[in-house]
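Some notes on the structure that comes next.
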There are 2 protein chains.
Amino acid sequence: MAVTLKDVAREAGVAISTASRALSGAADPITSTGTRERVREVARRLKYRYNLHARCLRTGRSETVGILACDLGQRIGLAKLLAVEAAVREKGYRTLLRYRHQAGLKGRQLGFAQEFASSEVEGAIVINVDAEHSGPLGALIQRGIPVVSLEPLEGVPADVVTVDRMAGAYLLTKHLLDLGHRRIGLLCSSLTTPGLAERHWGYQQALAECGCSFDEAVFARLPSNVALGTCVRGYEAARELLARRPLPTAVFCSNDEVAFGAMKALAEAGLRVPEDMAVVGFDDIEMAAFAPVPLTTVRQPVGEQATQAVALLFERIANPDDERPPRAIRLKPRLVVRASSGGPVVVSDGRED
Amino acid sequence: MAVTLKDVAREAGVAISTASRALSGAADPITSTGTRERVREVARRLKYRYNLHARCLRTGRSETVGILACDLGQRIGLAKLLAVEAAVREKGYRTLLRYRHQAGLKGRQLGFAQEFASSEVEGAIVINVDAEHSGPLGALIQRGIPVVSLEPLEGVPADVVTVDRMAGAYLLTKHLLDLGHRRIGLLCSSLTTPGLAERHWGYQQALAECGCSFDEAVFARLPSNVALGTCVRGYEAARELLARRPLPTAVFCSNDEVAFGAMKALAEAGLRVPEDMAVVGFDDIEMAAFAPVPLTTVRQPVGEQATQAVALLFERIANPDDERPPRAIRLKPRLVVRASSGGPVVVSDGRED
DNA sequence: ATAATGGCTGCAAACGTTTCCGACGAATCG
DNA sequence: CGATTCGTCGGAAACGTTTGCAGCCATTAT
């Protein structure tokens with residue numbers, strides 16, 4: 001059906017091997033200029049396209065990296081996905097997307113990482129996985145396929161390029177403390193999940209420096225049903241928090257979407273932002289500046305994270321026998337002060353840590 | 001390096017073909033239960049994984065569909081991407097992501113659709129492409145690879161499953177007219193791009209029914225620099241619109257992100273929503289309900305669109321020789337009335353058209 | 001008891017490409 | 001002028017899998 005290398009060779013009057021050389025090697029004069037041009041002309045005329053699987057089977061390289069993600073409810077995750085895709089493409093590689101909706105998890109217990117066929121991908125970038133998949137990820141690495149994660153991973157010997165959430169949380173909390181807040185609410189889905197625990201530590205550290213301590217009463221958990229959407233979950237958690245007394249004077253939201261939800265809950269309760277309650281988010285998605293009250297938040301260096309992760313991955317791919325231990329790169333986020341915290345609107349770059 | 005079928009066969013004491021049959025066929029008793037179990041046990045022990053490229057080369061099927069997208073700046077496009085991925089995965093196929101950042105276009109003039117190698121994908125879903133790529137898409141179809149698009153496509157014989165934007169725009173405009181508005185601003189990037197032109201028609205049709213006509217003076221074009229982000233572009237366009245006189249009493253934004261930008265411009269100008277100016281968006285992204293003023297908009301049936309598109313694609317894949325002409329399915333969007341338009345908050349389902 | 005039947009299994013070809021190796025001609029050098 | 005070298009090309013093997021075909025053995029029917 002499809003036109004193959006044999007057709008091109010026959011039409012051009014050369015051997016298959018010659019045709020292959022004429023088409024693959026870019027500048028190597030392993031074929032004479034005459035035949036090379038002739039073969040290429042024929043290939044163009046016949047609309048020849050190489051067969052991916054034959055080439056990959058023969059060369060042993062698939063020129064593909066897998067992108068693994070579990071929950072892309074937040075805009076920041078999608079931004080990272082796109083950034084990784086761009087960085088991978090920059091290297092001339094393909095991207096295979098493997099996405100597991102949270103809702104679909106119960107259907108199949110098998111981790112999706114181990115589902116990769118042999119030589120399907122040469123490496124993988126993990127945007128975001130829940131803990132249940134760390135096992136399969138380990139199996140992947142054991143098969144000699146390098147993995148780089150954008151989130152902290154426990155018990156898996158993978159390189160990680162993370163955004164220092166602790167520093168981010170510290171910056172935000174410090175910012176609120178500097179503005180005089182002493183009772184700062186906390187809205188997130190868990191205190192123990194790796195990425196979130198980090199945030200909590202940063203929050204607590206800033207509190208401790210100020211002589212304050214964490215009061216469980218200001219913590220409201222997001223509903224676990226992700227099908228609700230992150231804004232809605234933030235809204236629900238905020239309503240729960242607002243029912244308690246005494247009210248905090250500020251609230252720390254685990255991401256910008258949650259902050260949007262919280263703002264709605266505050267507005268409905270007749271509370272003004274930031275006069276009655278300050279609000280800060282996390283991520284600095286584009287909409288943060290367009291929130292009901294422009295949102296003070298912390299910016300994740302998405303592009304840099306993707307670039308570095310992909311660079312690390314390709315380094316591993318190029319040196320498969322290199323047994324060097326997993327590396328961890330932590331990128332510093334940047335405080336973006338807007339109106340929702342009530343402070344003077346400035347941007348400090350937070351590199352002092 | 002990797003463990004192959006030959007290793008499994010040798011270890012199990014059977015021929016390669018037997019091992020293949022024992023592992024591939026699920027229930028066909030083409031091998032005896034004894035050997036099948038034995039081979040599977042060995043495969044499990046050796047952690048055998050089939051080689052993707054060898055299998056695809058032999059069978060001629062790659063079990064992969066490509067996902068093509070050009071500009072994913074809006075949340076709705078990402079929602080569609082994820083929905084398509086889920087629907088494809090449901091069918092047991094892989095998804096290959098091909099994304100072209102708008103900014104990267106000038107770099108390579110080659111359309112990305114024709115870049116697919118032979119037998120790399122069995123079909124493709126187009127989320128969103130600009131007109132420059134319609135040529136390459138045609139070439140793809142000519143190679144016998146079915147394509148289904150989620151946006152209207154000109155001059156390309158592909159199936160399309162679109163959301164009826166004209167109906168959506170009509171619903172929104174009618175809604176504003178019913179509320180007494182007669183001068184309705186229009187914020188979008190172009191009046192001629194397929195998807196947007198549709199919207200404009202719906203807008204004009206509703207206007208015409210009411211005896212009004214379109215006044216160019218209420219149309220403000222979004223800045224073309226997509227790197228700015230959609231909210232910012234909406235903000236800029238709205239500022240331009242607000243500088244003109246007489247002011248419209250309502251503004252129709254080409255999507256929800258633009259509406260966010262517009263709201264900010266309105267707030268800065270001291271105008272209240274909806275009292276001084278009503279605002280409507282398009283798409284109904286999650287955040288629409290969490291805008292500074294909850295946004296009246298039109299909901300795109302994302303899940304249904306993805307499911308139908310994938311169904312159509314697999315129908316074509318299953319019947320490659322079927323020469324039936326391209327089909328077009330138009331899904332009806334649904335009006336979602338919130339506070340930003342000033343009407344009574346209800347939800348009509350717009351199926352009367 | 002012999003022939004026919006049918007279930008399992010092994011052999012080998014094929015998918016389309018890359019690449020090693022040998023061969024051939026021309027060109028260069030001694 | 002003969003020998004060596006170099007550039008160019010063709011032949012053929014190999015990558016790992018699926019699958020048509022043929023052969024084998026056990027079972028059943030005649």
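Reminder, nothing fancy here: chain letters follow the sequence lines and each chain counts from 1.
Between B:R98 and B:E120 there is a salt bridge, with a side-chain nitrogen of the basic residue lying less than 4.0 Å from a carboxylate oxygen of the acidic one. Contact check on B:E41 versus B:R38 returns no salt bridge, with no Lys/Arg side-chain nitrogen under 4.0 Å from an Asp/Glu carboxylate oxygen.
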Atom pairs, N/O to N/O, protein against nucleotides 12-15 of chain D, distance under 3.5 Å?
residue, atom, partner, partner atom, Å
D:dA14, N3, A:R58, NH1, 3.2

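Here the C1' atom of nucleotide C:dC8 and the CZ atom of B:R38 are 12 Å apart, to the nearest Å. For the pair A:H53 NE2 and C:dT18 P, the computed distance is 14 Å after rounding to whole Å. Whole-Å rounding puts the A:R21 CZ to D:dG7 C1' distance at 12 Å. One can place CZ of B:R10 at 15 Å from P of C:dG10, the figure rounded to the nearest angstrom. Between B:D7 atom CG and D:dG16 atom C1' there is a gap of 11 Å when expressed in whole angstrom units. As a whole-Å value, the separation of A:E120 CD from D:dT17 C1' is 15 Å. In this entry the distance linking CZ of A:R36 with P of D:dT8 reads 9 Å, nearest Å.
Note on ring orientation: taking the six-membered ring where Trp is involved, the planes of B:F314 and B:Y93 are perpendicular (angle over 60°, cut-offs 30° and 60°).
Between the B:T64 side chain and the B:S62 main chain, a donor and an acceptor come within less than 3.5 Å of each other. No donor-acceptor pair under 3.5 Å is formed between the side chain of A:E122 and the backbone N or O of A:I317. Using a distance-only test at 3.5 Å, with no hydrogens or angles considered, a donor-acceptor pair links the side chain of B:D159 to the main chain of B:R327. Side-chain N or O atoms of B:N319 include none that pairs as donor or acceptor with a backbone N or O of B:D321 at under 3.5 Å.
The shortest distance between the side-chain N/O atoms of B:S20 and the OP1/OP2 oxygens of D:dT18 is below 4.0 Å. Remark: A:T18 is in phosphate contact with D:dG10, judged by side-chain N or O atoms under 4.0 Å from OP1 or OP2. In terms of phosphate contacts, B:T35 brings a side-chain nitrogen or oxygen within less than 4.0 Å of OP1 or OP2 of C:dT9.
In the displayed structure, A:E37 atom CD is contacted under 6.0 Å by more than 12 heavy atoms of other residues, nucleotides or ligands.
Comparing D:dT18, C:dT9, C:dT17 by their nearest atom to the side chain of B:R55 picks out D:dT18.
Atom SG of B:C70 and atom CG of B:N128 lie 6.5 Å apart (nearest 0.5 Å).
At its two ends the helix from C:dA1-D:dT30 to C:dG30-D:dC1 runs along axes set 50° apart, each axis drawn from five pairs and the angle rounded to 10°.
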